[in-house]
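Residue numbering restarts at 1 for every chain, and letters A, B, ... go by the order of the sequence lines.
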Number of protein chains: 2
Amino acid sequence: MARTVAFDLDEAIEKALDVFWEKGFHGTSMRDLTTAMQINSSSLYNSLGDKHQLFLECLRYYTRKRRTLLEQRANAFDSPREALESFINEVAEVVIKDANGCFAIKTAFEVSPNDRTIQTLLRDDNDFTHTFLSTLIQSAVKKGEMAASTNAGLVADYIISTYTGWYELYILHKDPLKIKKLAQFMIEQVLH
Amino acid sequence: MARTVAFDLDEAIEKALDVFWEKGFHGTSMRDLTTAMQINSSSLYNSLGDKHQLFLECLRYYTRKRRTLLEQRANAFDSPREALESFINEVAEVVIKDANGCFAIKTAFEVSPNDRTIQTLLRDDNDFTHTFLSTLIQSAVKKGEMAASTNAGLVADYIISTYTGWYELYILHKDPLKIKKLAQFMIEQVLH
DNA sequence: CCTTTTCTAAAACAATCGTTTCAGAAAAGC
DNA sequence: GCTTTTCTGAAACGATTGTTTTAGAAAAGG
């Protein structure tokens, strides 16, 4: 009945995400996007909407992918305490790898304060991570791997807010060892 | 000999800082700035330079002011441990007060990855805070207020990176109690 | 007061912004 | 293979971007 779209939507979103990730929302122009995505602006507006809608789509793509990874990780360990330790170490690895920091955190600071939709999306994503960590911590407590007095929700927030700072520290200092030491120190501090 | 500038430079910088703080570097236009500063763009370029130079001036103004506050605080306590505790609690208060988060942290994520000058400026500011906290921690150790085994530099980095995350958490959740609980938890965890 | 210098206001600058238009190409059902 | 529908490419849209120009106002020293 009608012509079909000539490009892969997910691939296009991935490429747009790369640009937004590097340059931020306001630092990215539609020309930057169409160049990276290798599609015409009319096709872009036709299939994905305007700049803001595209940004939202990228953010959803990013958070969705991260959730999948998170869930896969949770199932790879018998010991919840080991799962937590592995989670923290893996975050440290990602911090060192991502030259531009975490896209969600960058967006939280750049866009969230003036954009309710994005704030809500990121809050929900944050809540997901929070639930994920809380559950692990509760399991660890039940198994006697962590102190019975542990406040799971509080410790989950504590972990989340601590590694957010690692991104800033790494952007400013580019010192991988510093991040790894901080990860090790947090493990000693929190998981007892 | 010649005409004098008709506006107060520091006042103008403060107003520019407010705008940059709320909207970020790329989200702020020169019209936004001249409107808020209530000066003509020719006067602005004449006295402070272009957008990037003005931004740098705002960032220097912000970090300088914060350093002054930091040093005042250090001298207000006899006990270094109490000074640290007060520092952490005060950070929590500031996090809750600043609707847009810390200007330095916002800038670290938005601009630093693509701007060496600003990255260096923020790194130096970070180093200053790091030295400030390290010194306090070392004093606390000497006075027997903290464990002798304490690694002052590491704990300083740990404190800095933890409260960075509070800003993100507060932007997303707007929950003052959560921040205060995290501050209290950090005090219990770190200052023993 | 007059000269010198530097300021300010308004307008204009080219460039780029996000977005739309329009003519035509391409795919699928009949 | 024609029709219908939707896509694509190139060009263009007005608006806004950061910055500069120009004409004139204002301050200070001689």
Its dot-bracket string being built from Watson-Crick and G-U pairs below 3.5 Å, with | for another strand and [ ] for crossing, DNA chain C has the pattern ||||||.|||||.||||.|||||.||||||
Do the side chains of Ile187(A) and Phe185(A) join up, straight or via other hydrophobic residues, at under 4.5 Å, putting them in one cluster? yes
Is Leu191(B) reachable from Leu154(A) through a run of hydrophobic residues whose side-chain heavy atoms are each under 4.5 Å from the next? yes
What is the distance, rounded to the nearest whole Å, between atom [atom1] of [X] and atom [atom2] of [N]?
| X | N | atom1 | atom2 | result |
| --- | --- | --- | --- | --- |
| Leu48(A) | dT8(D) | CG | C1' | 15 Å |
| Asp8(B) | dT8(C) | CG | P | 12 Å |
| Tyr45(B) | dG18(D) | OH | P | 7 Å |
| Met30(A) | dT19(C) | CE | C1' | 8 Å |
| Leu44(B) | dT20(D) | CG | P | 11 Å |
| Leu33(B) | dT16(D) | CG | P | 16 Å |
| Ile39(A) | dG9(D) | CD1 | P | 9 Å |
| Asp32(A) | dC17(C) | CG | P | 7 Å |

Less than 3.5 Å apart, which donor and acceptor atoms pair up between the side chains of residues 127-136 of chain B and the rest of the protein, not counting sequence neighbours?
unit_1    : atom_1 : unit_2    : atom_2 : d
Asp127(B) : OD1    : His173(A) : NE2    : 2.9
Thr129(B) : OG1    : Asp125(B) : O      : 3.3
His130(B) : NE2    : Gly153(B) : O      : 3.0
Thr131(B) : OG1    : Asp127(B) : O      : 2.9
Ser134(B) : OG     : His130(B) : O      : 3.2
Thr135(B) : OG1    : Thr131(B) : O      : 2.6

I'd like a table of atom pairs between the protein and nucleotides 3-6 of chain D - only N or O on both sides, under 3.5 Å - with the distance next to each one.
unit_1 : atom_1 : unit_2  : atom_2 : d
dT4(D) : O2     : Met1(A) : O      : 2.8

Contacts of Lys178(B) meeting salt bridge (charged side-chain N to carboxylate O under 4.0 Å, His left out) (sequence neighbours excluded), chain-then-number -> Asp157(A)
Residues passing the salt bridge (charged side-chain N to carboxylate O under 4.0 Å, His left out) test with Glu14(B), sequence neighbours excluded, are none
Got a list of protein N/O to nucleotides 10-14 of chain D N/O distances below 3.5 Å?
unit_1  : atom_1 : unit_2   : atom_2 : d
dA10(D) : N7     : Asn40(A) : ND2    : 3.2

Under 6.0 Å between ring centres, would you say that holds for Phe103(B) and Phe55(B)? yes
Which part of the nucleic acid, if any, lies within contact of Thr28(A), taking any heavy atom under 4.0 Å across all strands shown: a base, the sugar-phosphate backbone alone, or nothing? sugar-phosphate
Can you find a pair of side-chain heavy atoms, one from Phe87(B) and one from Leu70(B), that are under 4.5 Å apart? yes
Minimal non-hydrogen separation, Met37(B) against Leu48(B), with atom names: CE-CD1, 4.0 Å
Distance between the P atoms of dA11(C) and dC7(C), in whole angstroms? 22 Å
Salt-bridge test for Glu90(B) and Arg73(B): reply yes if a basic N is under 4.0 Å from a carboxylate O, no otherwise. yes
Is the shortest distance from a Lys or Arg side-chain nitrogen in Glu85(B) or Arg81(B) to a carboxylate oxygen in the other one below 4.0 Å? yes
Could you walk me through whether Ser161(A) and Glu168(B) satisfy the side-chain hydrogen bond (donor to acceptor under 3.5 Å, both in side chains) test, starting with their C-alpha distance in whole Å, then the side-chain angles of each, then the deciding distance to 0.1 Å, before giving a yes or no? CA-CA 8 Å; Ser161(A) 58; Glu168(B) 192 209 6; over 6 Å; no
